Trainee: 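My structure is below; once you've seen it, I'll send some questions.
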Amino acid sequence: MPVAASAIYFLNLRGDVLINRTYRDDVGGNMVDAFRTHIMQTKELGNCPVRQIGGCSFVYMRISNVYIVIVVSSNANVACGFKFVVEAVALFKSYFGGAFDEDAIRNNFVLIYELLDEIMDFGYPQNLSPEILKLYITQEGVRSPFSSKPKDKPVPNATLQVTGAVGWRREGLAYKKNEVFLDIVESVNLLMSSKGNVLRCDVTGKVLMKCFLSGMPDLKLGLNDKIGLEKESEMKSRPAKSGKTIELDDVTFHQCVNLTRFNSEKTVSFVPPDGEFELMKYRITEGVNLPFRVLPTIKELGRTRMEVNVKVKSVFGAKMFALGVVVKIPVPKQTAKTNFQVTTGRAKYNPSIDCLVWKIRKFPGQTESTLSAEIELISTMGEKKSWTRPPIQMEFQVPMFTASGLRVRFLKVWEKSGYNTVEWVRYITKAGSYEIRC
Amino acid sequence: MTGMRGLSVFISDVRNCQNKEAERLRVDKELGNIRTCFKNEKVLTPYKKKKYVWKMLYIHMLGYDVDFGHMEAVSLISAPKYPEKQVGYIVTSCLLNENHDFLKLAINTVRNDIIGRNETFQCLALTLVGNIGGRDFAESLAPDVQKLLISSSCRPLVRKKAALCLLRLFRKNPDAVNVDGWADRMAQLLDERDLGVLTSSTSLLVALVSNNHEAYSSCLPKCVKILERLARNQDVPQEYTYYGIPSPWLQVKAMRALQYFPTIEDPSTRKALFEVLQRILMGTDVVKNVNKNNASHAVLFEALSLVMHLDAEKEMMSQCVALLGKFISVREPNIRYLGLENMTRMLMVTDVQDIIKKHQSQIITSLKDPDISIRRRALDLLYGMCDVSNAKDIVEELLQYLSTAEFSMREELSLKAAILAEKFAPDLSWYVDVILQLIDKAGDFVSDDIWFRVVQFVTNNEDLQPYAASKAREYMDKIAIHETMVKVSAYILGEYGHLLARQPGCSASELFSILHEKLPTVSTPTIPILLSTYAKLLMHAQPPDPELQKKVWAVFKKYESCIDVEIQQRAVEYFELSKKGPAFMDVLAEMPKFPERQSSLIKKAENVEDTADQSAIKLRAQQQPSNAIVLADPQPVNGAPPPLKVPILSGSTDPESVARSLSHPNGTLSNIDPQTPSPDLLSDLLGPLAIEAPPGAVSYEQHGPVGAEGVPDEIDGSAIVPVEEQTNTVELIGNIAERFHALCLKDSGVLYEDPHIQIGIKAEWRGHHGRLVLFMGNKNTSPLTSVQALILPPAHLRLDLSPVPDTIPPRAQVQSPLEVMNIRPSRDVAVLDFSYKFGTNVVSAKLRIPATLNKFLQPLQLTSEEFFPQWRAISGPPLKLQEVVRGVRPLALPEMANLFNSFHVTICPGLDPNPNNLVASTTFYSETTGAMLCLARIETDPADRTQLRLTVGSGDPTLTFELKEFIKEQLITIPMGSRALVPAAGPAPSPAVQPPSPAALADDPGAMLAGLL
């Protein structure tokens, strides 16, 4: 396995080092200065997550108000590096409970150092599972006052956990009420031309689970995906049910899923870790149900006036509704004066992002709403640069709707003791980058 | 500005931003806000407008793009109250530049403020114009500003600003300021008492004088007076005294202005000035306070340049040098640097050299300074001050220094040492010593040129040879020597090793063994040199030494299969030659003397020189002819010293004016050379035929090291040639002669091209008739008028050109057919006299029409049965002519055959038994001769391709002669590319017909054949 990191730095937005850990001595100590002068203080920041300066690669990402920078000097696995950062942040969050930001880091120096020691050795990522680590790094983070933490008794048998067959689950868990929560979260990415042709469209989804189950249960999940259904009908030698089947691309599973069973029977069966985890991820490119249609008309009237008309239609079921709908309509930089008329929600001009921001708190299905605006521009020096017309962006959340049409058919739980379980299933669709050219 | 809460809140917001992004968001928000407010004109009170414009300025200063609101800023200029007006002026001068159209709107307001009565407003307006005023401002405001400057009622504050404003206007548009009578006013201004106004006015004067010193000659005594006043510290208020120095700025400016005047004639003024300079030179010293030093040294160095400029008395010069000598002994590195640098400049005034020599030891100490820039200056100075008397010391010092100098300097150092040793060598053995020492100490940094040069010297001086050989032998005893040393020693020992034969340890075999030890350590390029040396040693071994021969042959054998071709070839050849005995002696005789030429080292040094002030050294280096060359050769060499390139500046060579032009790069106007005699040989040749003017006048900057390439052009310092004089100049595209030559061989192509017109030609030939079409294409977007084309036909051609239209419309092409008829054979060509008018320029050209002799030839292939009877039928002169042509451009036979075929003289292959000969035939058409068969035979000498024998025969004596001459011209002149085809212009040998001599017949098989035929 290639190296993922030679050193890791946590910086605040000003570029001061909050905390750092060097794993290999092939990078110098002043690397962070190079990062500060060559990346943070230029406009490049945010454009490209991997930069090479003087033989060192800087792999960085920003999480809330912290930059996490991985420095490597060899030919490293960048994806592994990013994954490591994401997992590490999830781990820290599970320790401090809640937010990961500058203050949280400052409050938990000792803990973070201890964790950083544990999760990577000589540049190679190690076990990052919070459940396991909590067994032997028992130090508690300083929690933010708002989060509460369920007290549970850890069994300090780290060796078994790391080497055992079911490394992700402790033995002997017992809950009074056995519950499973299943969330399917999808985000829709769309790029549409001004005439309404779909140029690019896909859905990335994940199945999140939260288990409070006693003992060592064996779970089996059935979805209305194509391969699973076909296999099922083949095994039961009965024709596949007519109805919608979904073709999933790029499926990845949590380590607990039994892949041999998936390969042979195409069923997702697993012994879940305790608590929250991401069971699987997938992508869908065919047959996406778009929740919203946007019809923009933007007219430039002479040098100093513009007319904007945007109609948004919701095309999901009438009983459902979308929450937190935000439509960002770009306008030229010289915008001086705006005049709105909206059927629902509120709109205003935000000069710092050069957009008209139209917010609708609740948007029922099968309805439409429009915004019309008149914009006056200020005249500028020199010849007017033609406006590039960036795309309209949209944000939303639609509960109980999946853009892919994915449904949970069943979720079966077997345990030796044969207790009853309660299963909860939720669906939610969010906007990824939902863009409409105008 | 107080009480603008919004502004201070905004500024503190921006300052409190944690990072760049937050700042950008805040600024964008504010810009949006400002845009909204500017759009709603109803709510825009003057206060708000002022506030937002201040904010815009702040945002602009932070580096963000502010591309609106300039209108508001400009409109504030016309506000009645000071706070608004101030904002308007400040923001306008920050956000706009002279090219913005918005400024035109403000001109009138600004003018009102300038001619108004309010002093503060006047100051604001003058400052704005002084900062961003453009040409428009210069035209409309210059008189007003001048009035302000000379008005007696204005306060000095306003007049100061007016002077600086006028300076800006002058720079934008000199004509607006240089009006009648202004020179006198300027002189009056210099009588001013107030030093502030005086300083500003002197700045203006410097600019004015640099442009035209004659008009302002009345200001010269005034400048001297100002200097006197300052030097005596009379009437200098406290606020203009800087560390006890009365207004150093004004002093420097006044002296700078004086340097623009060529000389000072008035003896009393001159005397007064020298008194002042004397006082400055005497009164300056190095003190503790840095600021005081800076000020006093600025004055001092300006005074030094003035002294150099004025060509002062020797006494004063020596005083200057003494002062500089004091400077270079100071510990402070900055001062020492200045001292060394100025001493180098002083060197250009040659007569101070002796005085500078007194400081030699001090300069040599500077060579060991820890600061590299000082070391470099010291090196330059040493190089510059070196002459015969001190060369030995300096070169030895340089050699000593070489071993401690840092690597970056060593190459330059070794080159300079080599040059000095060569130029000022008291005797040649010393020179050899120095160079060998140099190679020994800094082998890596000694370029090949240096050792080539020493070999040249040794070869050319017989007395030197034994000494050099013994020296080389000594060096070979050292354990580790540099490869360059191996090269030079091997060469010298090979050539002159035998001269040492009597000395112990110097027999051929001993030399061989000692050299052969070095062989394994050297790189490929050195091995061939060693092989040659072995061969020479072998040859010189007296009596022949079989032992040595065996060893050397073994080496040759070993390298016979070397992968390097050069080594392999030498090994094989030397091996074979060495078997030959006496022939070997002939081949490997001593090298002949080298022809004298300019030292390649000096050339190289010229290229190495980098900075402008170093060119002074270069000048000197060129003015002192290398006496080593004279030393090198006992008898005076013709033409030596080689023609050194001394640049002619300002039409005079006196070093003082050179110094002036070098030390003052303020001469802002570059001059256009009036009538440069074109150095182009070609245009001389084409003189009567081609375009009359030289191809474009070249312009040179007045300053700078023009001499680097030795352009023999005269550069006149003051003459600015009006543009109208150059009307007839068009730059040609392509070479007319080359185009003509190409058209002689083909039937269509471009005959002439310049930026306005292109003339193409297309021809068809049938018998003695020809039809040409001239295509004249106008390349411009405006019409060419008065187009005229006239044919000047020679006697043998009848030409008929259809009328050419008077005007060629833009981007159009006109055709004009031309009928040609050939009456009798001749090589003369027709000339087209062509002219047109573009704008006011008349361009005319005389172009040769490619209706040459060969156009009336038609290819004809003959068999041997047809050829030989015809050849025999044409008997002797004048029908058959023979000539030996020398100086032919060497051509391989197939190439020559192609050349003949290309002008329609067909080569008949296989007719002549000798493969080195060519036989050709063709048919000529003209009205008088009709179709006429022509035959030709070319006998070439495979050993010497530059000569051949040409025999031409036909039924007509004129035709025979003309054709023979034509072929001869083609063989001699045409292949050279661009020579003219004008009759009698070619340097062809005299057309004396040489009858074949019997002697030639006897031993030349070709000639025997000719006789037989």
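Side chains are part of it too, since the values below use all heavy atoms of this structure and drop only hydrogens, waters and symmetry mates. What you see is a predicted model; the values in this text were computed from it and never measured. Letters A, B, ... mirror the listed sequences (proteins, then strands); counts begin at 1.
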Trainee: More than 12 foreign heavy atoms under 6.0 Å from NZ of A/K359: is that the case here?
Mentor: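 Counting neighbours around NZ of A/K359, 12 or fewer heavy atoms of other residues, nucleotides or ligands fall under 6.0 Å, so no.
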Trainee: Quick check on B/K20 against chain A: is it the side chain, the backbone, both or neither that has a heavy atom closer than 4.5 Å?
Mentor: neither
Trainee: Counting only heavy atoms not in A/R346, do more than 12 fall under 6.0 Å of its CZ?
Mentor: no
Trainee: Hey, could you give me the SG/CD1 distance between B/C37 and A/I378, rounded to the nearest 0.5 Å?
Mentor: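 One finds 9.5 Å between SG of B/C37 and CD1 of A/I378.
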Trainee: Quick one: OG on A/S352 to CG on B/D28, what's the gap to the nearest 0.5 Å?
Mentor: 6.5 Å
Trainee: Kindly compute the distance separating CD (A/E376) from OG1 (B/T36), expressed to the nearest 0.5 Å.
Mentor: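 Result: 10.0 Å between the selected atoms.
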Trainee: Considering only heavy atoms, which portion of B/E21 lies under 4.5 Å from any heavy atom of chain A: side chain, backbone, both, or neither?
Mentor: side chain
Trainee: So, for A/P351 and B/G32, which heavy atoms are closest and what is the spacing to 0.1 Å?
Mentor: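 Looking at all heavy atoms of both residues, the shortest contact is CB-CA, 3.8 Å.
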Trainee: Is it the case that more than 12 heavy atoms not belonging to A/R36 sit under 6.0 Å from its CZ atom?
Mentor: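 For A/R36, atom CZ is crowded (more than 12 foreign heavy atoms under 6.0 Å).
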Trainee: Side chains of B/N19 and A/R14: closer than 4.5 Å at any heavy-atom pair?
Mentor: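 B/N19 vs A/R14: side chains apart.
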Trainee: Please check if the number of heavy atoms outside A/E307 that lie under 6.0 Å from its CD is greater than 12.
Mentor: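 Count over threshold, so yes.
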Trainee: Answer whether the closest heavy-atom distance between the side chains of B/D67 and A/K333 falls below 4.5 Å.
Mentor: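 Not in contact.
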Trainee: To the nearest 0.5 Å, how far apart are NZ in B/K39 and OG1 in A/T335?
Mentor: 10.5 Å
Trainee: Sort B/L96 into side chain, backbone, both or neither according to what part of it lies under 4.5 angstrom from a heavy atom of chain A.
Mentor: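 Just the side chain, heavy atoms under 4.5 Å.
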Trainee: Is it the case that over 12 heavy atoms from other parts of the model lie below 6.0 angstrom from the NZ atom of B/K160?
Mentor: yes
Trainee: Could you measure the distance from the OH atom of A/Y349 to the CZ atom of B/R35? Nearest 0.5 Å is fine.
Mentor: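 Answer for the OH-CZ pair, A/Y349 versus B/R35, is 4.0 Å.
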Trainee: Do B/Q18 and A/N65 have side chains that get closer than 4.5 Å, going by heavy atoms?
Mentor: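 No, too far: nothing below the 4.5 Å cut-off.
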Trainee: Quick check on B/R26 against chain A: is it the side chain, the backbone, both or neither that has a heavy atom closer than 4.5 Å?
Mentor: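 For B/R26, no heavy atom lies under 4.5 Å from chain A.
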Trainee: Report, as yes or no, whether the 6.0 Å neighbourhood of atom CZ on A/R361 holds more than 12 heavy atoms from other residues, nucleotides or ligands.
Mentor: no
